[in-house]
Amino acid sequence: MFADRLKQTSAVARACLVEALPGAGPMAEPMGYAVAGGKGLRGFLVLEGAAMLGVPESAARFPAAAVEAIHAYSLVHDDMPAMDDDDMRRGQPTVHRKWDEATAILVGDALQSVAFELVTDPETGPAEVRVALARSLAEAAGARGMVLGQALDIAAESASEPLTLDEIIALQAGKTGALIRWSAAAGAVLAGEDPGPLTRYGAALGLAFQIADDVLDVEGDAGTLGKAVGKDAEAGKATFVSLLGLGPAKSRARDLVEEAQDALTSYGKRADILRAAARFVIAREA
Ligand code: IPE
Ligand code: IPE
Ligand code: MG
Ligand code: MG
Ligand code: MG
């Protein structure tokens, strides 16, 4: 079953990330807390893309852990009062609720740094590969990628006019898409192969993933999701659902899942697990 494979593979990335965290001191417990739980989809994409192209897990587990560290940092900050102001994440109180805002800021900062320690670990591969991965991860995480998307997301809450579809696509390509694209393509970079097909897969998958997140904010169950629902409409977020409504948003997500699967044609059956991941992102309940 796909869910079992996701659990097993993502545990590899999680273990690598946990090994890199401080074992003692004031940051140890809150950092460990922030990386616990979650589906681990981004690390899974790195590891499965790499495995498909013959890259050993001993190398791929470092970039897989790195992207999970950036993702966890983004969630800790996303939940803070100045951003989405959420109390629950992955079924537990958010870091700023469990500790305080200073701790949440510092956990995010430190997880971002640890990501670059991980991705440049000598086990990841030759220096050129490590530099390529570190540079592209910095771009994906920063002000042309995830941070840009988050800034557009926050700005949209107080915009006088609703965003257009193209503007929502650009917002989501940043906030969620950039890290998912990077994760999908990382295996090809590790293998020294053309990252084109996996990048196209990741782009379609990332957008489908965020549409599903927006649908779950309306239709999902807070207990199953481990986070509050109904927050997007309340905050005036610009989403596919706010612009198009639930039915058309779901239909768009289904088309994107087809597009993601089609992008894998050149890999044949080797890519079946990545095809299953594409179907999973819109079928999931959490
Ligand atoms: C939630 O991401 C935030 C978005 C980018 C939509 P995930 O749904 O992957 O969160 P976890 O890691 O499984 O908790
Ligand atoms: C979060 O998007 C994206 C990032 C953290 C980069 P959302 O704000 O929609 O995620 P949830 O719904 O809080 O998980
Ligand atoms: Mg947000
Ligand atoms: Mg949020
Ligand atoms: Mg959301």
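Hydrogens, waters and symmetry mates are skipped; everything else that's a heavy atom, side chains included, is used. As the structure lists them, so they are numbered: ligands from 1, and atoms in each ligand from 1. It should be emphasised that the depicted structure is a prediction, and the values quoted were computed from it without experimental measurement.
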Return yes or no for this condition: an N or O of [X] is under 3.5 Å from an N or O of ligand 2.
X: D78; value: yes
X: D86; value: no
X: D213; value: yes
X: Q150; value: no

Side-chain donor-acceptor pair present, T124, D121, cut-off under 3.5 Å: no
salt_bridge([X], [Y]) N-O dist < 4.0 Å:
X: D153; Y: K237; result: yes
X: E139; Y: R135; result: yes
X: R275; Y: D272; result: yes

Pull out every atom of ligand 2 sitting under 4.0 Å from any heavy atom of [X], numbered as shown with elements.
X: Q210; value: 9 (O)
X: L75; value: 5 (C)
X: S74; value: 4 (C), 5 (C), 6 (C)

For ligand 2, does [X] get within less than 4.0 Å through its side chain, its backbone, both, or neither, judged by non-hydrogen atoms?
X: K227; answer: side chain
X: M146; answer: side chain
X: K231; answer: neither

Atom name, D78 (N, O or S, nearest to the Mg ion (ligand 4)): OD2
Among the N, O or S atoms of D84, the one nearest the Mg ion (ligand 4): OD2
Any non-hydrogen atom of [X] lying under 4.0 Å from ligand 2?
X: T176; value: no
X: H77; value: no
X: K237; value: no

Pick from V147, D84, V229: the one approaching atom 8 (O) of ligand 2 most closely through a non-hydrogen atom: D84
Option nearest atom 13 (O) of ligand 2 (shortest heavy-atom distance, choices K175, R89, H71, M88): R89
Donor-acceptor pair, side chain of R14 and main chain of G40, under 3.5 angstrom: no
Derivation of the side-chain contact (heavy atoms from CB on, under 4.5 Å) call for R270 and L264: CA-CA 9 Å; R270 286 188 296 164; L264 300 170; over 6 Å; no
Cation over ring face, R284 and F209, 6.0 Å, 45°: yes
Least distance between heavy atoms, L244 atom then A249 atom: CB-N, 4.4 Å
For A72 against V35, the heavy-atom pair lying closest together: CB-CG1, 4.2 Å
Single-linkage hydrophobic cluster, 4.5 Å side-chain cutoff, L118 and V55 together: yes
Check against side-chain contact (heavy atoms from CB on, under 4.5 Å), L207 and F240: CA-CA 10 Å; L207 193 49; F240 273 73; 3.8 Å; yes
